[in-house]
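Below is one structure; the comments refer to it alone.
Since the structure is predicted, the reported quantities are computational estimates derived from the model, not experimental observations. Order of the sequence lines sets the chain letters (A, B, ...), proteins ahead of strands, with each chain counted from 1.
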Amino acid sequence: MEQDYRPHDIETKWQKKWNESRIFEPEPDSREKFFITIPYPYLNGNLHAGHTRTFTIGDVVARHKRMLGKNVLYPMGFHVTGTPIVGLAELIASRDPQTMDVYERLHGIPGDILPTLDTPEKIVDYFKVESEKAMRMIGYSIDWRRKFTTTDPTYKKFIEWQYIRLEEKGLIVKGSHPVKWCPNDNNPVEDHDILHGEEATIVEFTLIKFRYKDLVLPCATLRPETTYGVTNLWVNPKVDYVKARVEKDGKVEFWVVSKEAFRKLTFTDREVEYVEDVPAKDIIGIMLTNPVTGDEVISLPASFVKPGNGSGIVMSVPAHAPFDYLALRDLYDADLSEYGITEDLSEIKLISLIKVPEFGEFPAKEIVETMGIASQADPKAEEATKIVYRREFHGGVLKEITGKYTGYPVSKIKDILTRDFIAENVGETFYEFSEPVVCRCGTPCVVNMVKGQWFLNYSNPEWKEKVYKCLNQMRIIPAEYRVEFENKVDWLKDKACARRKGLGTRLPFDKEWLIESLGDSTIYMCYYIVAKFIQKGDLTIDQLTLSFFDYVLFGKGDAAAVAEETGVTPALLEEIRSDFTYWYPVDLRSSGKDLVPNHLLFFLFHHVALFDEDKWPGSLAVNGFVSLEGQKMSKSKGPILTLESAVSEYGADITRMYILSTAEQTQDADWQKTGIDSARRQVDRFYAFARDVIESGKRATIGTELKQIDRWMLSRMQNYIRETNVALDSIQTREAIQNSFFLLINDVRWYQRRGGEALLYYVLDTWVRLMAPFTPHLCEEIWEAMGHEDPISLAQYPLYNDDLIDEGAELAEELVKGTLDDVEEIIRVTKMTPQKVHLYTAPAWKTEAINCACTIQAEGSLDVGTLIKALMANPEMKRFGKEIPKFVQKLVPEFKSGGAERYETFAGLGLDEEALLKESSAFLEKEIDCPIEIYSADSPAYDPEKKSRFAEPLRPAIYIEAKKEE
RNA sequence: GCGAGGGUUGCCCAGCCAGGCCAAAGGCGUCGGACUUAAGAUCCGAUAUCGAAGGAUUUCGUGGGUUCGAAUCCCACCCCUCGCACCA
């Protein structure tokens, strides 16, 4: 080995060897397989630190499983479908200054190349080469024979096949969906087009159609169940209302809404025509029919009604809505004769429809009274509304007045009621922003229903049921994410799956549309199996027919007929099919946590829709993001750190080690210069240790006679081996590196300090294999220098060996270390310079007391009384009668509070403390730098300060004589 | 608002599910020492507070509670991060 650690030389050497020996290009064999996939990167830039983390995690898992004897397949492809690459090409073509700067400086694209990347195709061609280069230079054990790009014509054939099969199953449907829309640009607005209201979301309201003669006065609500408690409507006398002809699905109605609401309606999936203005007075004081209950309710004037919210007409539920209650109460004494209202409004009875534990019959009235809210203007009214709403939503159930819905929890009722109300034509859905949205052009945006859109029917209950079933059978890593996945499955609605713009595959049954890019990346893991044959030239594009994919991926159809139809030889067809059945399903899909609510969900949905249960994925893992010195990364605006630049600067192994050890699993990692600099030193230390051990030429193994410190080293190492394996199995790379590196290196240091050297070679042999998944190049280099001929990448991963556990050796070292620490502490506190240190090991009677305590403990009845009694029964112990109670009173609580184990080991092995300390006295003398004398407290030859009486088992008494000041 | 995660000793962070040698692992930083002509690297030690004998005291977002015993269990509250879609 070289004197100095030169990462790049070592890494280039081993990458070349791996590539030439093809050890990461697996073929089916008799071993158990492990198929791991990471979502392929989207190529609108170079791979960055976030990719580095996710892909390195995948590589470590792949390498670990491979060393455990599995046949591991870790493939990779490139995702390019969708709009961002098109957008990037436009920005480069127009020489957008920020884009040019970020891509040249941060993505590291040479200044003479960047301007040439002015079409999507050129961008894809450039980045797929760069990305593969980057992944090779960090040493991923990827089978590159299977790479592909999502615009490959062959991949498109695969996507077409998939969508045809989904459509046949009725999982792709046509419909409308709401989008944020700018009426001026006549276009959907995306987040970066928005001037104000980026935070706004589209909220689904239910319009309840109250009727007056032949007119409909719709009221928008988020809580359709409250329709059962409506006592009146609110109309603002100062607002302009219009009558409109509204046609939907061939059905014509005449609606009265505010002018603003009319405008919003024109963008919905309704035909809307203006008929005439309606003075507010005309619709105040009228009696309307509640379409749900059939009750007659009156419309009343209210200034709080905002014309821009909902329809500009509000339904009033004073039993449950504090504002409604307050507004109604305010009118009790008002003179409303100008609206022709002469009724005594205090006669209006509140209608209760929700039972909630915290409140009585009328929660709104109750809270207004207990909080002492005077009027609608009182700010506490807002708070009261929130409280009532929350309590009712979470804990409320519907009362008998709601008929067949009685007993339903409020939190579950909205979707059911909306569906039923629409079916009965008493309600409709209506979308509105949670806050106003303004386009960059200055125009207020609206919610527009895009018609004739293609959807993946994710809301389909049977489909969801299958996904739940799949999730139930899967391992989710970490386990806390299971509930997150389940929530998201529940929440997922139909998803638009086709767009007009971008790169991608045309929808086979409606060629005007392109398949949306999240929808074309759901089951592509199976395409890796086919891709190998395509890359090799065994398959032509014409051969990729529907029946070809049916046969190879589903096992459907007749092999001979498929061979006949496609011209693929039966032997090849069988080979592809058997490759598929060998590798599939995916054993582990590991990804950044940003993909949980989208890609990973769709991955599950499409697998369960298309494949039989035995091909459903086995496990899912998620990891956190990476920030740079506390700042979020952004591909397009920076900052960004590319994989290539990290590896160029620090080397592959150091980068891998750092990114995996800096944060655990779902926690976000922060890339800091001080952190990676320290990782560099750690790896360097490992290299230096290995070099010294190899150069020393000592090769003893565990076959030779072992000293206590050797047995200690072996025993400690077993624990780290076990913990590392457990951690890697649950993808806790930080924990794994903590055990396999940091804790182990500290013990090796202690081993050497204690004079251990016989087993250094053996330790290194195990250690280097333990570290190989994390720092594979360096480990290959050391492994080779140790004389091994086969690559460490294929060597056996260390496994926990119970036979090498030596509790006695561990306890003995604990005694030595503890004694040393105590002596040092005394010296520090007293600030003395020691002349001589005297150690007294525990007297035999105390050891006997411990033995006795262990016996009683085993019987399960240890307490102070029984132990004293048992000891006093022994005539030998009688003469210590005065000291026994005091010692026992201290000892028993220690047993109770977790200290039992070490005493049991001590008692069980019958450790001889005096002999142990004498063996270590040379070491202790060297450390403390003064002579040491060891006695038994039973008969100390020298004990001027009577310290020996403090001696306890595993805790020798100490007396230090200070050097006299000259 | 809804959902998820988090608040630990100078910093990053482990511990919490299975309460007890937990003043709390590991790393970083800082300070002191060894080595060196020197620097770096490496090694040793310290790093809540107090302490001239290995000890004592106060800590784990805040306030309560359960328990012989709480960073860990229960309740309430405060604060932070992320997601809420048709976009990869």
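The side chain of A/Thr819 contributes no N or O atom lying less than 4.0 Å from OP1 or OP2 of B/G54. Residue A/Arg955 places at least one side-chain N or O closer than 4.0 Å to OP1 or OP2 of B/G55. Proximity of A/Arg681 to the phosphate of B/G29: a side-chain N or O atom is located under 4.0 Å from OP1 or OP2. Under 4.0 angstrom from either OP1 or OP2 of B/A14 there lies at least one side-chain N or O belonging to A/Gln667. Close to B/G51, at under 4.0 Å from its OP1 or OP2, lies no side-chain N or O of A/Lys831. Regarding contacts with the backbone of B/G45, a side-chain N or O of A/Arg753 is found under 4.0 angstrom from either OP1 or OP2. Phosphate contact (OP1/OP2 of B/C43, side-chain N/O of A/Arg749, threshold under 4.0 Å): present. Put simply, A/Arg685 has a side-chain N or O that comes within less than 4.0 Å of OP1 or OP2 on B/C43.
Looking only at atom types and distance, the side chain of A/Ser627 has a donor-acceptor partner in the side chain of A/Asp670 under 3.5 Å away. In the model, A/Arg53 has no side-chain atom that pairs as donor or acceptor with a side-chain atom of A/His48 under 3.5 Å. At a cut-off of 3.5 Å, with distance as the only test, a side-chain donor of A/Trp750 or A/Glu813 sits close to an acceptor on the other residue.
A distance of about 15 Å separates the P atoms of B/C11 and B/C60, rounded to the whole Å. Comparing the C1' positions of B/G20 and B/A52 gives an interatomic distance of 33 Å, to the nearest angstrom. Distance noted for atom P between B/A14 and B/C86: 34 Å (whole Å). Comparing the P positions of B/A56 and B/G5 gives a spacing of 40 Å, expressed to the nearest Å. For the C1' atoms, the distance linking B/G63 with B/A70 amounts to 15 Å, nearest Å.
Atom pair A/His599:NE2 and B/C86:P shows a separation of 19 Å (rounding to whole Å applied). Residue A/Lys488 contributes atom NZ, which lies 10 Å from atom P of B/A85 at whole-angstrom precision. Nucleotide B/G51 holds its P atom 18 Å from the CD1 atom of A/Ile826, rounded to whole Å. In this structure, CD of A/Glu629 is placed 14 Å from P of B/C12, rounded to the nearest angstrom.
Here B/C31 sits opposite B/G45 as a Watson-Crick or G-U wobble pair (both hydrogen-bonding atom distances under 3.5 Å).
A salt bridge links A/Asp668 with A/Lys593: the closest approach of a Lys/Arg side-chain nitrogen to an acidic carboxylate oxygen falls below 4.0 angstrom. Ionic pairing of A/Asp677 and A/Arg681 is not present here: no N-O contact between side-chain nitrogen and carboxylate oxygen is shorter than 4.0 angstrom.
Picking from B/U42, B/A25, B/A85 the nucleotide with the shortest atom distance to the side chain of A/Lys493 gives B/A85. Here the side chain of A/Ser517 is nearest to one of B/A88, B/C86, B/A53, namely B/A88.
Residue contacts for A/Lys632: at a heavy-atom cut-off of 4.0 Å it reaches the sugar-phosphate backbone alone, with no base atom in range.
Ring geometry for A/Phe686 against A/Phe741 counts as perpendicular: the plane angle is over 60°, on a 0 to 90° scale with 30° as the lower cut.
Between A/Met832 and A/Gly82, the residue anchored closer to the 5' end of RNA chain B is A/Met832, taking for each the nucleotide with the nearest heavy atom. Positionally, the nearest nucleotide of RNA chain B for A/Glu927 lies more toward the 5' end than for the other of A/Val823 and A/Glu927.
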